[in-house]
Amino acid sequence: SYLFYSLGFITHSYDCPQKKPYPFPTTTHFSNKTAPPPSQHTNKTTTFEEKKTIISHIVFGIASSSRLWNHRKEYIKLWWRPNETRGNVWLDQEVKSEPSEEHLLPTLRISSDVSKFKVKNPQGDRLGVRISRIVSETVRLGMEKNNNNVRWFVMGDDDTFFVTENLVKVLQKYDHNQFYYIGTNSESHLQNIHFSYNMAYGGGGFAISYPLAVALERMQDKCLQRYPALFGSDDRIQACMAELGVPLTKEIGFHQLSV
């Protein structure tokens, strides 16, 4: 099996050359070079640059399972910042929760039933479908951009380690009002050959801007029905991003290590 563990942003983030942001919505093909886009907001008193992204603008979606929860929750405690970070852990079924741990962990939620989705990959199962829908299910909680001050949804596994200060620093480079799908490929050449060099790997974490997450939620279930032969959650997300016309914006600080 693969251990997906991210040391993303532990040391520093990376500055990159400028490029134009994706329009909203986008139908134009762009290169995959990472770039902090300039703001398109003009003649406004409040601009993208003036109001920088902070940790409270980010909502985390963490994929986990009831079978591994007692062990994996300890990884989340290492980076979760009570009363600062916000988000949810999505499980396949209910687990016993300790009252003394509630403030040390994200809110626990149960994923909706995915039995209606076809799975034709002989090595796959509906776990990939369930995990791929975490961003959409989080959007459906009603976390509206204006009322809840949401700018980014960040996905990760229950053994992904986020250095939140560096994550915020990276996301500050991008206009959250545009369509952005930010992450990077695996550090394993074989994994990239088998799946894709242009797919964000959830073990390293990836970020989706609020308007893109809303667009994904509107079309994802139908999109997933069109790709029953895919293996996991990451390639299903990439397939739906392709249909939306949004390529991966690469930030190499999202480290995906497959061992």
Side-chain angles (χ1 to χ4, degrees), residues 6 8-9 13 24 48 51-64 69 72-73 75-91 97 102-112 130-183 200-220 233-234 236-237 240-241 244 246 248-249 251 253-254:
S6 172
F9 313 117
S13 59
F24 176 40
F48 157 57
K51 286 237 174 192
K52 287 187 175 182
T53 292
I54 57 176
I55 190 63
S56 63
H57 292 140
I58 301 169
V59 176
F60 290 90
I62 306 301
S64 189
W69 176 242
R72 296 289 180 86
K73 67 183 179 182
Y75 294 142
I76 300 174
K77 290 178 185 177
L78 295 174
W79 63 267
W80 189 254
R81 292 161 55 175
N83 302 317
E84 293 185 53
T85 45
R86 57 176 173 162
N88 305 279
V89 173
W90 293 88
L91 297 153
S97 59
E102 288 182 359
H103 71 289
L104 301 175
L105 294 164
T107 302
L108 303 185
R109 297 190 183 275
I110 308 303
S111 300
S112 58
R130 179 178 75 84
I131 292 175
S132 73
R133 299 174 76 247
I134 285 178
V135 171
S136 291
E137 292 208 84
T138 305
V139 170
R140 290 174 193 146
L141 294 175
M143 304 191 78
E144 298 177 6
K145 179 180 178 182
N146 294 328
N147 294 339
N148 299 95
N149 214 13
V150 178
R151 295 186 179 184
W152 298 94
F153 294 94
V154 172
M155 269 287 300
D157 290 343
D158 51 12
D159 58 354
T160 302
F161 185 91
F162 291 102
V163 177
T164 54
E165 295 87 351
N166 289 338
L167 175 61
V168 168
K169 184 178 179 182
V170 166
L171 294 181
Q172 284 176 346
K173 300 192 297 181
Y174 298 92
D175 186 349
H176 58 276
N177 295 300
Q178 309 299 326
F179 278 17
Y180 275 109
Y181 163 51
I182 303 172
Y201 283 72
F206 59 85
I208 296 177
S209 60
Y210 180 89
L212 179 55
V214 171
L216 176 67
E217 185 276 330
R218 290 171 180 165
M219 57 80 75
Q220 188 177 25
S233 60
D234 298 335
R236 285 178 165 89
I237 287 283
C240 296
M241 290 298 170
L244 288 168
V246 182
L248 176 66
T249 296
E251 278 284 353
F254 289 89

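Note that the structure is a prediction, hence the values are computed from the model and not measured.
- Looking at every heavy atom in both residues, S132 comes nearest to I237 through O-CD1, 3.3 Å.
- A pairwise comparison of heavy atoms in Y210 and E144 identifies OH-CA, 3.5 Å as the closest pair.
- Sequence neighbours left out, the pairs with a member in residues 210-219 that pass salt bridge (Lys or Arg N to Asp or Glu O under 4.0 Å) are R140-E217.
- At a threshold of 4.5 Å between non-hydrogen side-chain atoms, the residues W152 and L167 do not count as touching.
- Between W79 and F162, the ring planes lie perpendicular to each other; the angle is over 60°, past the 30° to 60° tilted range.
- Using a 4.5 Å heavy-atom threshold, the side chains of L91 and W69 count as touching.
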Open item on the list: Test side chain to side chain contact (heavy atoms under 4.5 Å, CB included) on L104 and W80; report intermediate values, then the result.
Closed with: CA-CA 7 Å; L104 301 175; W80 189 254; 5.8 Å; no

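- The distance from the OG1 atom of T164 to the CD1 atom of I55 is 4.5 Å, given to the nearest 0.5 Å.
- I131 has its side chain out of reach of R236: every pair of non-hydrogen atoms, C-beta onward, lies at least 4.5 Å apart.
- Considering CG of N149 and CE of M143, their distance stands at 10.0 Å, rounded to 0.5 Å.
- Taking the side chain as every heavy atom from C-beta outward, L105 and K73 approach each other to under 4.5 Å.
- For the pair F206/V154, no side-chain contact is recorded, criterion being any heavy-atom separation below 4.5 Å from C-beta on.
- Side-chain atoms of R151 and K51, non-hydrogen and from C-beta on, do get closer than 4.5 Å to each other.
- For A213, the side-chain contact (heavy atoms from CB on, under 4.5 Å) criterion is met by V135, V139, F153, I208, not counting sequence neighbours.
- For residues 103-112, the side chain to side chain donor-acceptor pair (under 3.5 Å) pairs, not counting sequence neighbours, are N88-R109, S111-R130, S112-R133, S112-E137.
- Listed here is the closest heavy atom pair of V59 and G87: CG1-CA, 4.1 Å.
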Open item on the list: Checking I58 against V168 for the side chain to side chain contact (heavy atoms under 4.5 Å, CB included) test, could you report, in this order, the C-alpha distance in whole Å, the side-chain angles of both residues, the deciding distance, and whether it holds?
Closed with: CA-CA 8 Å; I58 301 169; V168 168; 3.9 Å; yes

Task: Residue pair I62, T160: steps toward the side chain to side chain contact (heavy atoms under 4.5 Å, CB included) verdict - done: CA-CA 9 Å; I62 306 301; T160 302; over 6 Å; no

Open item on the list: Evaluate Y174 against E251 for side-chain hydrogen bond (donor to acceptor under 3.5 Å, both in side chains), listing each step before the verdict.
Closed with: CA-CA 11 Å; Y174 298 92; E251 278 284 353; 2.7 Å; yes

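- Here E102 pairs with nothing under the side chain to side chain donor-acceptor pair (under 3.5 Å) rule; sequence neighbours left out.
- For S209, the side chain to side chain donor-acceptor pair (under 3.5 Å) criterion is met by no residue, not counting sequence neighbours.
- For A215 against F179, the heavy-atom pair with the smallest separation is CB-CZ, 3.9 Å.
- Shown here are the side chain to side chain donor-acceptor pair (under 3.5 Å) partners of T85, two or more places apart in sequence or in another chain: there are none.
- Looking at residues two or more places apart in sequence or on another chain, you find no side chain to side chain donor-acceptor pair (under 3.5 Å) involving N148.
- Between the CD atom of Q178 and the OG1 atom of T249 there is a distance of 11.5 Å, given to the nearest 0.5 Å.
- Closest approach of W90 to I110, counting heavy atoms only: CZ3-O, 3.8 Å.
- Nearest heavy-atom pair, I134 versus G61, reported as atom, atom and distance to 0.1 Å: CG2-CA, 3.9 Å.
- E165 meets the salt bridge (charged side-chain N to carboxylate O under 4.0 Å, His left out) test with R81; sequence neighbours excluded.
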Task: Residues D158, V89; criterion side chain to side chain contact (heavy atoms under 4.5 Å, CB included); working and verdict - done: CA-CA 8 Å; D158 51 12; V89 173; 5.9 Å; no

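- A distance of 9.0 Å separates OG of S64 from CG of D157, quoted to the nearest 0.5 Å.
- For the atom pair F254 CZ and I182 CD1, the distance stands at 6.5 Å (nearest 0.5 Å).
- With hydrogens and angles disregarded, a donor-acceptor distance shorter than 3.5 Å links the side chain of Q172 to the backbone of T53.
- The CZ atom of R72 sits 4.0 Å away from the CG atom of D159 when rounded to the nearest 0.5 Å.
- Panel note: side chain R86, backbone S56; a donor-acceptor pair is recorded below 3.5 Å.
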